[in-house]
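The chains referred to below are lettered A, B, ... by the order of the sequence lines, with proteins before strands, and numbering in each begins at 1. The figures that follow rest on heavy atoms only: side chains count, while hydrogens, waters and symmetry mates do not.
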There are 2 protein chains.
Amino acid sequence: MKATVPISSAGLKTACSQCNLQELCLPFGLSENDIDRLDELVGTRRKIKRQQHLYRAGDLFEAIYAIRAGSFKTDVLLEDGREQVTGFQMTGEIIGLDGISTEFHTCNSIALEDSEVCVIPYAKLEELSRKVEGLQHQFHKVMSREIVRDHGVMMLLGSMRAEERLAAFLLNMSQRFTARGFSSAEFHLRMTREEIGSYLGLKLETVSRAFSRFQDEGLIAVQQKHIRILDGAGLKRLLQHQPAGG
Amino acid sequence: MKATVPISSAGLKTACSQCNLQELCLPFGLSENDIDRLDELVGTRRKIKRQQHLYRAGDLFEAIYAIRAGSFKTDVLLEDGREQVTGFQMTGEIIGLDGISTEFHTCNSIALEDSEVCVIPYAKLEELSRKVEGLQHQFHKVMSREIVRDHGVMMLLGSMRAEERLAAFLLNMSQRFTARGFSSAEFHLRMTREEIGSYLGLKLETVSRAFSRFQDEGLIAVQQKHIRILDGAGLKRLLQHQPAGG
DNA sequence: GTGCGACGTTGATCCACGTCAACCACTACA
DNA sequence: TGTAGTGGTTGACGTGGATCAACGTCGCAC
């Protein structure tokens with residue numbers, strides 16, 4: 001396996017024989033030697049069927065997970081039953097970081113489709129990242145990236161109106177698909193309108209209406225969960241110079 | 001210096017001679033030896049006057065900061081001028097984690113009052129945490145805690161109504177003051193109504209009205225920025241069983 | 001003191017989004 | 001092919017919080 005060669009974002013090549021760990025090691029250009037050692041990291045793989053939990057809030061935290069295939073949502077439940085989706089994760093991303101601070105998971109992670117993850121025992125990660133040059137930093141970057149992403153969502157929830165939120169969401173999805181080597185203009189959403197709404201702080205009807213309006217305006221083509229972006233610049237334009245809401 | 005003795009949350013004892021690093025090392029019970037080495041971490045101290053920036057979005061990331069005295073807000077600005085406060089930080093907390101993933105800071109950090117921070121050069125932190133048993137894990141916990149906190153804010157912004165948000169905010173502030181050895185029932189807010197509103201996704205008028213209503217209902221006593229919590233249980237009750245908004 | 005500017009409160013009005021409700025599209029399965 | 005269930009769309013209406021506006025209060029400079 002060619003590990004020292006920087007891997008383009010055009011395809012999903014694997015960083016170690018077990019799993020796609022490019023988020024953890026590739027952007028940093030670890031040496032071939034080091035990459036081989038990453039195999040030590042991956043305990044097992046685990047398959048998760050659609051709608052099943054990878055972990056639940058309250059579960060003992062023992063490992064983080066690298067998504068090998070499929071996609072997930074994470075959510076938190078209030079006592080009164082309200083659900084807030086805190087994020088969507090797709091192939092190549094890392095889940096489970098929330099558990100480190102409390103030794104228990106603080107949210108639920110649920111597969112949006114039949115998926116497979118690599119289990120990375122946290123103790124092993126800690127041990128290895130003391131030894132493998134660059135791994136520690138790479139892991140810090142993964143965590144920091146989650147913090148930055150969350151700030152983006154807070155921005156969205158705190159100061160954008162419905163159409164801006166959905167535009168931001170679509171552009172973000174498009175970007176993440178692109179980064180994984182898929183077409184950026186056309187993709188399949190794996191989550192329902194209700195889940196999108198929960199993530200964006202909107203009701204499903206509002207999400208649906210915004211989709212329809214975008215379609216009327218020629219910005220996107222929607223067919224159920226299938227989205228085609230026709231005018232990305234138009235979507236970006238929605239994100240600025242709008243009267244403040246919220 | 002007594003470093004091996006677990007430090008109660010009742011006072012602000014220092015973990016190393018330079019700075020309050022209990023977030024980084026104390027809860028994990030580092031050995032006295034190790035704690036002394038933490039002095040190596042702290043490059044310099046820096047004083048920041050009220051309203052001045054500790055760093056700005058776009059600044060090169062070189063260090064994280066432990067707040068030694070005072071308090072800060074972090075915010076992000078949209079192109080059109082809208083501001084979103086992404087968090088408030090008080091004495092003993094760590095700021096600057098957002099910069100790790102991008103090598104540049106992604107938000108602004110501004111002092112809410114005259115403050116002082118310990119500068120922790122990131123490169124030094126990385127180096128030391130490979131050597132000092134427990135420090136790495138402690139740093140992971142700090143980052144994870146920020147992720148969990150952010151999820152809480154997302155929850156708040158995404159599915160709570162105005163009064164719930166403010167109640168959650170007050171309880172959170174109270175808790176953080178308690179953890180720093182101050183009275184939990186009485187404290188001085190360092191931020192304006194507008195900043196609270198920006199953080200909570202509300203307008204300043206809405207924040208003000210909610211404060212007034214809480215006061216009318218005997219939940220709190222408000223005098224400008226001075227808050228006294230009269231009925232914490234009542235505030236907690238507001239957080240559940242409310243009709244879903246948002 | 002007086003004046004000024006930042007911050008806070010309160011009222012009146014408006015509107016974006018929630019709520020309620022009906023209907024439609026797609027899939028699964030008998 | 002019918003039927004049921006889940007998810008999505010659309011319309012009518014209500015409301016929480018934004019907006020606009022006036023006024024009050026505190027702290028500071030002089």
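Of the side-chain N and O atoms in Lys225(A), none sit less than 4.0 angstrom from OP1 or OP2 of dG7(D). In terms of phosphate contacts, Thr206(A) brings a side-chain nitrogen or oxygen within less than 4.0 Å of OP1 or OP2 of dG18(C).
For dC20(C), its base sits under 3.5 Å from the side chain of Glu205(A) at one donor and acceptor pair at least. Counting distance only, with no hydrogens placed and no angle test, the side-chain atoms of Arg209(A) and the base atoms of dG8(D) include no donor-acceptor pair under 3.5 Å.
Using a cutoff of 4.0 Å between basic side-chain nitrogens and carboxylate oxygens, Asp114(A) and Lys49(A) are scored as salt-bridged. A salt bridge does not link Glu195(B) to Arg190(B): none of the charged nitrogens lies less than 4.0 Å from a carboxylate oxygen. Salt-bridge check for Glu205(B) with Arg193(B): failed, with every basic side-chain N at 4.0 Å or more from each acidic carboxylate O. Ion pair Glu116(B)/Arg46(B) not flagged as a salt bridge, since none of the NZ, NE, NH1 or NH2 atoms sits closer than 4.0 Å to an Asp/Glu carboxylate oxygen.
End-to-end axis angle for the helix from dG1(C)-dC30(D) to dA30(C)-dT1(D), using five pairs per end and rounding to 10°, comes out at 40°.
The distance between the ring centers of Phe72(B) and Phe88(B) does not fall below 6.0 angstrom. With ring centers used as reference points, Phe187(B) lies under 6.0 Å from Phe177(B).
Using a 4.0 Å heavy-atom distance criterion, Ser208(A) is classed as a base contact.
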